[in-house]
Amino acid sequence: MSKAKPGSYWLMKSEPDAYSIDDLERDGKTFWDGIRNYQARNFIRDEMKVGDRVLYYHSNAKPPGVVGVAEVVSEAYPDPTQFDPDSKYYDPKSPQDDPRWLLVDIAFVGRFDEIVSLNQLKEDPALDGMLVIRRGQRLSVQPVEVQHYAHVLEMAGYDGD
DNA sequence: GCCAACGTTGGC
DNA sequence: GCCAACGTTGGC
């Protein structure tokens with residue numbers, strides 16, 4: 001199954017205490033390790049492509065919200081932390097020859113001048129149906145519709161790309 | 001810190 | 001294959 005669609009858009013959550021947009025800006029690029037949810041893994045494995053754009057979302061933050069933009073810069077490949085007994089992401093049940101968990105590399109693209117908070121997202125009718133504003137939505141990697149992506153950038157006054 | 005929502009595990 | 005128990009996420 002190959003879909004000839006242009007780029008896809010995503011929202012990826014990170015707790016700023018663990019890895020914030022500042023960390024990503026400093027590093028330029030990072031391994032998005034620690035995905036341990038099958039639905040998120042499937043998006044990464046089946047649908048993410050190099051060049052896809054990502055809304056960078058701070059969860060467990062005050063306030064939570066979108067703080068910038070990142071870009072997918074690798075294909076999916078096995079997450080090495082699943083085989084590392086010292087890692088908190090260690091998964092002893094993942095077979096070495098058929099790794100259960102994958103990751104992609106993410107690069108910094110830009111930062112918003114100000115956070116676009118979850119509240120703002122919820123209050124804007126143009127974003128009706130966006131997954132992140134759905135109650136109880138815990139998925140840390142989620143698809144975003146192109147018009148929602150564009151609208152969030154607009155809300156941020158971001159014209160970096 | 002609380003707790004609702006939801007995913008995963010394991011007994012049966 | 002059901003479902004209760006448990007663990008985690010993440011807003012508040």
Side-chain angles (χ1 to χ4, degrees), chain A residues 8-27 30-48 52-72 76-106 108-145 147-149 151-158:
Chain A
S8 300
Y9 297 87
W10 306 95
L11 179 144
M12 294 171 81
K13 297 179 183 173
S14 183
E15 302 196 13
D17 288 348
Y19 196 83
S20 72
I21 188 85
D22 298 329
D23 296 318
L24 183 61
E25 180 171 28
R26 182 198 60 222
D27 296 343
T30 194
F31 321 97
W32 203 259
D33 61 5
I35 300 283
R36 294 295 182 270
N37 169 284
Y38 288 105
Q39 214 181 334
R41 190 278 313 269
N42 292 348
F43 283 134
I44 286 176
R45 184 191 59 194
D46 303 334
E47 301 198 36
M48 270 196 179
D52 284 358
R53 287 296 163 110
V54 176
L55 296 174
Y56 200 95
Y57 180 92
H58 279 175
S59 60
N60 265 322
K62 295 175 197 147
V66 180
V67 291
V69 176
E71 182 175 4
V72 177
Y77 60 97
D79 180 344
T81 63
Q82 69 196 304
F83 300 125
D84 176 3
D86 295 330
S87 168
K88 65 173 174 170
Y89 299 125
Y90 181 52
D91 182 356
K93 290 190 252 179
S94 179
Q96 284 275 353
D97 55 355
D98 184 22
R100 181 180 291 185
W101 305 114
L102 304 174
L103 55 71
V104 290
D105 294 346
I106 295 293
F108 178 82
V109 172
R111 169 213 300 274
F112 295 165
D113 292 334
E114 294 198 34
I115 187 170
V116 177
S117 71
L118 179 60
N119 264 339
Q120 288 173 264
L121 299 177
K122 284 177 173 169
E123 283 167 5
D124 196 321
L127 299 178
D128 278 358
M130 196 175 177
L131 285 177
V132 72
I133 62 181
R134 188 181 295 174
R135 175 184 169 80
Q137 179 53 262
R138 302 188 308 174
L139 204 53
S140 62
V141 175
Q142 19 180 290
V144 173
E145 291 176 31
Q147 70 271 21
H148 290 165
Y149 175 85
H151 192 76
V152 171
L153 296 200
E154 217 173 278
M155 290 168 82
Y158 180 84

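If you're wondering where the values come from, they're calculated on a predicted model, not measured in any experiment. Letters go in sequence order (proteins before strands), and every chain restarts at 1.
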Side-chain N or O of A/Tyr57 closer than 4.0 Å to phosphate OP1/OP2 of C/dG11: yes
Length of the line joining A/Leu11:CG and C/dG10:C1', which is rounded to integer Å: 13 Å
Of the listed nucleotides C/dC12, C/dG10, B/dT9, the one nearest the side chain of A/Lys93: B/dT9
Atom-to-atom span, CG of A/Leu121 to P of C/dG11 - whole angstrom: 11 Å
pair A/Pro63-A/Leu118: side-chain heavy atoms closer than 4.5 Å: no
Length of the OH-C1' vector between A/Tyr89 and C/dT8, whole Å: 12 Å
A/Arg36 side chain to A/Thr81 side chain, donor-acceptor N/O pair below 3.5 angstrom: yes
Distance-only donor-acceptor check, side chains A/Ser117 and A/Asn119, under 3.5 Å: no
Residue A/Tyr38, side-chain atoms from C-beta onward, closest of B/dG10, B/dT8, C/dC12: B/dT8
Polar atom pairs (N or O), protein with nucleotides 2-5 of chain C, under 3.5 Å:
none

Residue pair A/Ala156 / A/Val116: nearest heavy atoms and the distance that separates them: CB-CG2, 3.7 Å
The single option from A/Asn37, A/Asp33, A/Ile44, A/Asp79 passing side chain to side chain contact (heavy atoms under 4.5 Å, CB included) against A/Trp101: A/Asp79
A/Gln39 side-chain proximity, nearest of C/dC12, B/dG7, C/dG10: B/dG7
Closest non-hydrogen atom pair between A/Tyr56 and A/Leu24, with its separation: CE1-CD2, 3.7 Å
Atom of A/Ile35, atom of A/Ser140 and distance for their closest heavy-atom approach: CD1-OG, 3.7 Å
Contact summary for A/His148 and A/Gly129, nearest pair of heavy atoms: CE1-C, 4.2 Å
Close residues, residues 123-139 of chain A, relative to DNA chain B [heavy-atom separation under 4.0 Å]: A/Arg135, A/Gly136, A/Arg138
Between B/dG7 (P) and A/Arg100 (CZ): distance, integer Å: 17 Å
Any A/Lys13 side-chain N or O less than 4.0 Å from OP1/OP2 of C/dT9: no
Rounded interatomic separation in angstrom, taking CD1 from A/Ile35 and P from C/dT8: 16 Å
Distance-only polar pair, side chains of A/Asp105 and A/Tyr77, donor-acceptor under 3.5 Å: yes
Nearest-angstrom distance from the residue atom CG of A/Asp17 to C1' of C/dG11: 15 Å
Rounded distance (Å) that lies between atom P of C/dT8 and atom CD of A/Glu15: 13 Å
Protein-nucleotide distance (A/Lys62, atom NZ; B/dG1, atom P), rounded to Å: 11 Å
Side-chain N or O of A/Lys122 closer than 4.0 Å to phosphate OP1/OP2 of C/dC12: yes
